[in-house]
*Asks:* 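This is the structure, below, for whatever I ask next.
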Amino acid sequence: MKHWLMKSEPDTFSIDDLAKVGTEPWSGVRNFQARNFMRQMAVGDKVFFYHSSCAVPGVVGIATVASEAHPDPTQFQRKSDYFDEKSTREQPRWDLVDVAFERKLRRTITLDEIRQHDDDLGDFALTRRGNRLSVMPVTAAQWKRILALE
DNA sequence: GCCAACGTTGGC
DNA sequence: GCCAACGTTGGC
């Protein structure tokens, strides 16, 4: 089983939104590296749900991967913000996975806190300078250490 | 294949 | 709202 971190802006889609719907197709990823990570996901993988672009950025919950990667339907929808004219049904460019709610953390493990533990965490995409990836891998050791902060 | 211009992300 | 950093695009 692998571990991941997925970012979401709480104004758009928060952990409470995920709790409400239960399962959400993670549409709208339009970055090749992030897409490739989703292609590596398997059902049952654990996901840190991370709130970005907000007052207190950080890990707010845990989700699980609920489907293999499959084509993101929004890439075909002309009216969608995520429409991609280079995508065809035969050769879609963008995939998504379904993400299922598992639980909210008892408190937010803030980005600030995670940074303070950089030495224990080793190389971590989230705190790498200039990182903008919205989907990234987390090692088992990083998962354990971050969760221990809860 | 280089690289400037542009758009986006995301912390602050 | 600012801006650093980065990915993508497109001209050459």
Side-chain angles (χ1 to χ4, degrees), chain A residues 2-21 23-41 45-65 69-139 141-143 145-150:
Chain A
K2 292 200 175 106
H3 301 84
W4 309 93
L5 182 146
M6 296 172 97
K7 293 180 183 172
S8 187
E9 300 186 13
D11 290 347
T12 308
F13 191 80
S14 71
I15 187 70
D16 290 322
D17 293 326
L18 184 63
K20 230 171 282 170
V21 298
T23 302
E24 177 75 5
W26 208 259
S27 60
V29 171
R30 294 294 178 272
N31 170 286
F32 291 107
Q33 221 182 329
R35 178 204 66 186
N36 293 343
F37 284 136
M38 286 200 292
R39 287 181 174 173
Q40 295 172 27
M41 290 181 181
D45 281 0
K46 300 277 184 192
V47 177
F48 277 144
F49 194 103
Y50 178 93
H51 279 176
S52 68
S53 292
C54 57
V56 186
V59 177
V60 293
I62 294 174
T64 55
V65 174
H70 55 95
D72 179 346
T74 62
Q75 69 195 302
F76 307 121
Q77 295 160 8
R78 195 160 277 280
K79 284 182 191 159
S80 166
D81 285 345
Y82 303 122
F83 176 70
D84 186 341
E85 57 183 10
K86 290 180 187 159
S87 282
T88 62
R89 300 271 175 189
E90 295 70 31
Q91 285 195 306
R93 301 178 87 206
W94 305 110
D95 282 356
L96 59 71
V97 294
D98 293 341
V99 170
F101 178 78
E102 185 171 306
R103 70 176 180 92
K104 274 179 82 166
L105 297 191
R106 289 190 285 280
R107 64 181 194 85
T108 301
I109 299 169
T110 66
L111 175 60
D112 195 47
E113 246 176 300
I114 293 169
R115 281 223 181 90
Q116 287 170 26
H117 289 80
D118 241 14
D119 291 344
D120 319 321
L121 293 173
D123 187 43
F124 190 25
L126 183 70
T127 50
R128 225 176 276 155
R129 196 165 136 278
N131 163 65
R132 294 184 319 175
L133 269 180
S134 64
V135 177
M136 66 191 79
V138 176
T139 67
Q142 288 164 347
W143 179 273
R145 285 183 177 141
I146 291 169
L147 206 49
L149 298 174
E150 183 185 12

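A note on names: the letters A, B, ... follow the listed sequences, proteins ahead of strands, and every chain is numbered from 1. Values below: every heavy atom of this structure, side chains too, minus hydrogens, waters and symmetry copies. This is a predicted model, so every value here is computed, not measured.
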*Asks:* Check this one for me: any side-chain N or O of A/Y82 less than 4.0 Å away from OP1 or OP2 of B/dT8?
*Replies:*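 Checking A/Y82 against B/dT8: no side-chain N or O falls below 4.0 Å of OP1 or OP2.
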*Asks:* Short of 4.0 Å, heavy atom to strand atom, which residues of residues 122-139 of chain A count as contacting DNA chain C?
*Replies:*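 Output list: A/R129, A/G130, A/R132.
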*Asks:* Decide yes or no for A/I114 and A/F124: does some side-chain heavy atom of the first lie under 4.5 Å from some side-chain heavy atom of the second?
*Replies:*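 A/I114 vs A/F124: side chains touch.
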*Asks:* Hey, is A/R145 close enough to A/D120 for a salt bridge, meaning N to O under 4.0 Å?
*Replies:*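 Result for this pair is no, no salt bridge flagged.
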*Asks:* Just so I know, are the side chains of A/M38 and A/V65 near enough to count as touching, which here means a heavy-atom distance under 4.5 Å?
*Replies:*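 SC-SC contact between A/M38 and A/V65 ruled out.
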*Asks:* For the residue pair A/R132 / A/S52, report whether a side-chain donor-acceptor contact shorter than 3.5 Å exists.
*Replies:*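 Result is no, nothing qualifies.
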*Asks:* Roughly how many Å is it from CZ in A/F32 to P in B/dT8, rounded to a whole number?
*Replies:*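 Distance, rounded to whole Å: 15 Å.
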*Asks:* Using side-chain heavy atoms (C-beta onward) and a distance below 4.5 Å, is A/T108 in contact with A/V60?
*Replies:*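 The answer is yes, as the side chains (C-beta and beyond) meet within the 4.5 Å cut-off.
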*Asks:* Tell me: CG of A/L5 to C1' of B/dG10, nearest whole Å?
*Replies:*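 After rounding, the gap between these two atoms is 14 Å.
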*Asks:* Rounded to the nearest 0.5 Å, what's the gap from NZ on A/K7 to OH on A/Y50? Could you check?
*Replies:*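 Spacing of NZ (A/K7) from OH (A/Y50) equals 6.0 Å.
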*Asks:* Just to be sure I understand the rule, does A/S52 reach a base, reach only the sugar-phosphate, or reach nothing, if contact means heavy atoms closer than 4.0 Å?
*Replies:*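 Sugar-phosphate contact only.
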*Asks:* Collect all protein-nucleotide pairs involving nucleotides 2-5 of chain B in which both atoms are nitrogen or oxygen and the distance is under 3.5 Å.
*Replies:*
none

*Asks:* How close or far is atom P of C/dG7 from atom CZ of A/R35, stated in whole angstroms?
*Replies:*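 These atoms are roughly 15 Å apart.
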*Asks:* Of all the choices, B/dG10, C/dT9, C/dG7, which nucleotide is nearest to the side chain of A/Q33 once you look at every atom?
*Replies:*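 The answer is C/dG7, which lies nearest to the side chain.
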*Asks:* Between A/K7 and B/dT9, is there a contact of a side-chain N or O with OP1 or OP2 at under 4.0 Å?
*Replies:*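 No, A/K7 has no side-chain N/O under 4.0 Å of OP1/OP2 on B/dT9.
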*Asks:* Roughly, in whole Å, what's the span from CG in A/D84 to P in B/dG7?
*Replies:*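 So the two atoms are 17 Å apart, to the nearest Å.
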*Asks:* For A/L96 and A/H70: C-alpha separation, side-chain torsions, deciding distance, then whether side-chain contact (heavy atoms from CB on, under 4.5 Å) applies.
*Replies:* CA-CA 6 Å; A/L96 59 71; A/H70 55 95; 3.3 Å; yes
*Asks:* Determine: side-chain N/O of A/K86 to OP1/OP2 of C/dT9, distance under 4.0 Å, yes or no.
*Replies:*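 Yes.
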*Asks:* Carefully, step by step, assess A/T74 and A/D72 under the rule side chain to side chain donor-acceptor pair (under 3.5 Å).
*Replies:* CA-CA 6 Å; A/T74 62; A/D72 179 346; 2.7 Å; yes
*Asks:* To the nearest Å, give me how far apart CG (A/D81) and C1' (B/dT9) are.
*Replies:*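 From A/D81 CG to B/dT9 C1': 15 Å.
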*Asks:* Going by heavy atoms closer than 4.0 Å, what residues in residues 105-117 of chain A are next to DNA chain C?
*Replies:*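 Heavy-atom cutoff 4.0 Å gives no residues at all.
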*Asks:* What pair of heavy atoms forms the shortest contact from A/L133 to A/M136, and how long is it?
*Replies:*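 Taking every non-hydrogen atom into account, O-CE, 3.2 Å.
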*Asks:* What about the rings of A/W4 and A/F49, do their centers lie closer together than 6.0 Å?
*Replies:*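 Not under 6.0 Å, so no.
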*Asks:* Determine the sole option in A/F32, A/W26, A/Y82, A/F76 for which the ring-ring contact (aromatic ring centres under 6.0 Å, His included) test with A/W94 is passed.
*Replies:*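 Single pass found, and it is A/F32.
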